[in-house]
Amino acid sequence: MHSKTRENNLDVALRQAHKKGETPDFIKMKLIVSLLVLAGFVSSARNGIDFIQPVTVATFQCIKNAGYSFVIPRVFTSLGKVDTTGVNNVKNARAAGLTDVDGYVFPCLSTSCPSAANQVKAALDALKSAGTKVSTLWLDIERLAWPANHASNRAFIEAMVKEAQAYGQQVGIYSNYYNWQDIVGLDYHGQSNLMLWWAAYDGVKDFSKFTAFGGWTRPTIHQWEGTTAGPCGVSVDMNYVP
């Protein structure tokens, strides 16, 4: 909003307050409260990153000081193995004082891979063995080697979710309209009760371009920019929470 518009709005508010017989002190108090509420609304938006490279405690402290309040390392790879670098990143992020530390599983989909449940189990067991944990475990549902059979893909996702929940682990889905359409079909709403991490590299830190799918009408996180030079020398994807 332009400053002239703000001034005009303020003049209108003052005239209306005077007509109501409100005192100058009372008017000032109302304006201060309004400004504080507005400031709280503006500052509630948060920036975060996801990444796969190793990050030290000192670098996480740098990231935190740069204004990033949440991080999402990968903790399981599409090759069917625990991402030990990612598990250590979770541990280092918490040691740096970050409290909103998630992790994501990139599922392994070939016939030689562990079962869906065992992939989640391996990731969570590795985190526990390292003496750390993730706030939310995100399941990365994007087009990479998924079979064409929607029914089997739905069952695979359901098995991952069930295993995470059996651990008492909060779980969410990473995807977007077209990935969901191709992998499980837009008519599948079976995970709409979970949080959605929406991937759309539109360069805009808001949800204005979100199109409903899979039963979700609003995401929780927007991944708005893909691989880029992020804070403190870390290559990252950029994320936003309003």
Side-chain angles (χ1 to χ4, degrees), residues 45-57 59-79 81-94 96 98-109 119 123 127 134-146 157 160 170-183 191 194-211 213-214 216 218-242:
R46 300 188 297 127
N47 295 307
I49 55 174
D50 64 275
F51 51 92
I52 60 174
Q53 74 184 68
V55 179
T56 64
V57 173
T59 301
F60 274 121
Q61 289 170 336
C62 173
I63 290 169
K64 181 182 178 184
N65 292 337
Y68 292 83
S69 63
F70 67 95
V71 298
I72 315 176
R74 184 183 64 187
V75 295
F76 195 88
T77 78
S78 59
L79 299 177
K81 297 180 180 180
V82 169
D83 188 336
T84 54
T85 296
V87 170
N88 197 53
N89 280 339
V90 171
K91 189 172 184 177
N92 286 348
R94 292 201 178 277
L98 285 159
T99 56
D100 196 348
V101 183
D102 295 349
Y104 73 90
V105 168
F106 203 127
C108 182
L109 300 163
Q119 292 182 42
L127 289 162
V134 292
S135 300
T136 300
L137 185 69
W138 298 94
L139 306 178
D140 190 334
I141 313 302
E142 62 178 288
R143 289 173 288 191
L144 178 68
W146 284 88
I157 294 168
M160 287 194 292
Q170 180 168 265
V171 60
I173 300 293
Y174 169 96
S175 198
N176 62 26
Y177 184 99
Y178 296 106
N179 284 321
W180 201 253
Q181 179 182 54
D182 288 356
I183 295 168
Q191 307 305 325
L194 303 179
M195 293 183 295
L196 175 65
W197 176 10
W198 171 51
Y201 301 153
D202 55 18
V204 181
K205 292 200 294 182
D206 61 30
F207 295 166
S208 62
K209 297 182 180 179
F210 179 75
T211 299
F213 68 92
W216 288 289
R218 179 180 171 85
T220 298
I221 302 175
H222 178 193
Q223 187 185 68
W224 60 275
E225 185 177 8
T227 306
T228 188
C232 309
V234 182
S235 178
V236 303
D237 297 327
M238 294 291 192
N239 298 277
Y240 165 84
V241 172

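- Contacts classified as side-chain hydrogen bond (donor to acceptor under 3.5 Å, both in side chains) and involving residues 66-75 (residues at least two apart or in different chains) are given here: Arg46-Ser69, Arg74-Asp83.
- In this structure, the ring-ring contact (aromatic ring centres under 6.0 Å, His included) partners of Trp216, at least two apart in sequence or on a different chain, are Trp180, Phe213.
- Under the 3.5 Å distance criterion, the side-chain polar atoms of Asp102 are left unmatched by any main-chain donor or acceptor of Ile72.
- For the side chain to side chain contact (heavy atoms under 4.5 Å, CB included) test, residues two or more places apart in sequence or in another chain that qualify with Pro54 are Thr85.
- When side chains are defined from C-beta on, Ile157 counts as touching Ile173, because their heavy atoms get closer than 4.5 Å.
- For Cys62, the side chain to side chain contact (heavy atoms under 4.5 Å, CB included) partners two or more places apart in sequence, or in a different chain, are Cys232.
- Shown here are the side-chain hydrogen bond (donor to acceptor under 3.5 Å, both in side chains) partners of Lys81, two or more places apart in sequence or in another chain: there are none.
- Applying the ring-ring contact (aromatic ring centres under 6.0 Å, His included) rule to Phe60 yields the partners Phe51; only residues at least two apart in sequence or on another chain are considered.
- Side-chain atoms of Asn88 never come within 3.5 Å of backbone atoms of Thr84 as a donor-acceptor pair (strictly under, hydrogens ignored).
- The side-chain hydrogen bond (donor to acceptor under 3.5 Å, both in side chains) test applied to Asp182 returns Arg143, not counting sequence neighbours.
- Residues satisfying the side-chain hydrogen bond (donor to acceptor under 3.5 Å, both in side chains) criterion with Thr136, sequence neighbours excluded, are Gln170.
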What donor-acceptor contacts under 3.5 angstrom involve side-chain atoms of residues 219-226, with partners at least two apart or in another chain?
| residue | atom | partner | partner atom | Å |
| --- | --- | --- | --- | --- |
| His222 | ND1 | Val204 | O | 3.2 |
| His222 | ND1 | Asp206 | O | 2.7 |
| His222 | NE2 | Ala200 | O | 2.8 |
| His222 | NE2 | Asp202 | OD1 | 3.4 |
| Gln223 | OE1 | Tyr174 | OH | 2.6 |
| Gln223 | OE1 | Tyr201 | OH | 3.0 |
| Gln223 | NE2 | Asp50 | OD1 | 2.9 |
| Gln223 | NE2 | Asp237 | OD2 | 3.4 |

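- Atom CD1 of Ile52 has 12 or fewer heavy atoms from other residues, nucleotides or ligands within 6.0 Å.
- Residue-environment remark: OH (Tyr178) stays at or below the threshold of 12 foreign heavy atoms within 6.0 Å.
- Applying the side-chain hydrogen bond (donor to acceptor under 3.5 Å, both in side chains) test to Trp197 and every residue at least two apart in sequence or in another chain returns Asn239.
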